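Take a look at the structure set out below.
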Amino acid sequence: MKYWLMKSEPDTFSIDDLQRKGVEPWDGVRNYQARNFMRDGMKVGDRIFFYHSNTDVPGIVGIASVASPSYPDESQFHPKSKYYDEKSTREEPRWMLVDVKFERKLKRTISLDELKKHDELADMPLVRKGNRLSVMPVAKGDWDFILTLENA
DNA sequence: GCCAACGTTGGC
DNA sequence: GCCAACGTTGGC
């Protein structure tokens, strides 16, 4: 079992949207490193911190899980999609995704600001300046530590 | 809305 | 293969 963090802009797709839908294909990722994590790293059942970016209080708002093996992101084949990639083909799809399943909301948002205050988390890519990865691994120790903050 | 960071593209 | 230009992310 591995642990991950996935960013989403709540204006586009929030934790409430995921709760309503239950399961959602995580489409639109167009960064190779993030794709590789989904394609090569994720296994069904892995745990995910759901993170809200580009919002008033960016931070971790919920927990999800990986609900499918990786498969091609359908949106890359649709010319009308804003995620369309003309260089990708069905024979050799460039972009892969996984389905993400709602588990629960956190009792409170654990803000980026708060995460940065803990020296224990200084090695997380998330709190590093300039980091823009939208899918990243989380060390088990960091995962457990962050969950203790929920009740603090 | 600004802008730093950084990934991608394309000319050479 | 280098690197300048450009585009995007995302905190602030």
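Quantities reported herein were computed from a predicted structural model and do not represent experimental measurements. Proteins come first, then strands; the chains are lettered A, B, ... in the order of their sequence lines, and each starts at number 1. The basis for the numbers below is simple: all heavy atoms, side chains too, and nothing from hydrogens, waters or symmetry mates.
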Q.
Angle between ring planes, A:Phe13 versus A:Phe50, binned at 30° and 60°: parallel, tilted or perpendicular?
A. tilted
Atom [atom1] of [X] to atom [atom2] of [N]: distance rounded to whole Å?
X: A:Arg128; N: B:dA4; atom1: CZ; atom2: C1'; answer: 17 Å
X: A:Gln33; N: B:dT8; atom1: CD; atom2: C1'; answer: 14 Å
X: A:Asn131; N: C:dG10; atom1: CG; atom2: C1'; answer: 10 Å
X: A:Leu126; N: C:dG11; atom1: CG; atom2: C1'; answer: 11 Å
X: A:Tyr32; N: B:dG7; atom1: OH; atom2: C1'; answer: 11 Å
X: A:Leu133; N: B:dA4; atom1: CG; atom2: C1'; answer: 16 Å
X: A:Arg94; N: B:dT9; atom1: CZ; atom2: P; answer: 7 Å

So, under a plain 3.5 Å distance rule, would you say the side chain of A:Arg132 forms a donor-acceptor pair with the base of C:dT8?
yes
Check this one for me: any side-chain N or O of A:Lys7 less than 4.0 Å away from OP1 or OP2 of C:dG10? yes
- Cationic N near anionic O, under 4.0 Å, A:Asp73 to A:Arg94: no
Discussion item. Under 4.0 Å between a side-chain nitrogen and a carboxylate oxygen: does that hold for A:Asp17 and A:Lys21?
Written reply: no
In numerical order, the residues of residues 54-63 of chain A whose heavy atoms come under 4.0 Å of DNA chain C are A:Asn54, A:Pro58
Within residues 111-120 of chain A, those residues having any heavy atom closer than 4.0 Å to DNA chain C are A:Leu112, A:Lys116
Closest of B:dG10, C:dG11, B:dT8 to the A:Tyr51 side chain is C:dG11
Ranking C:dG11, B:dG7, B:dG10 by distance to the side chain of A:Asn31, first place goes to B:dG7
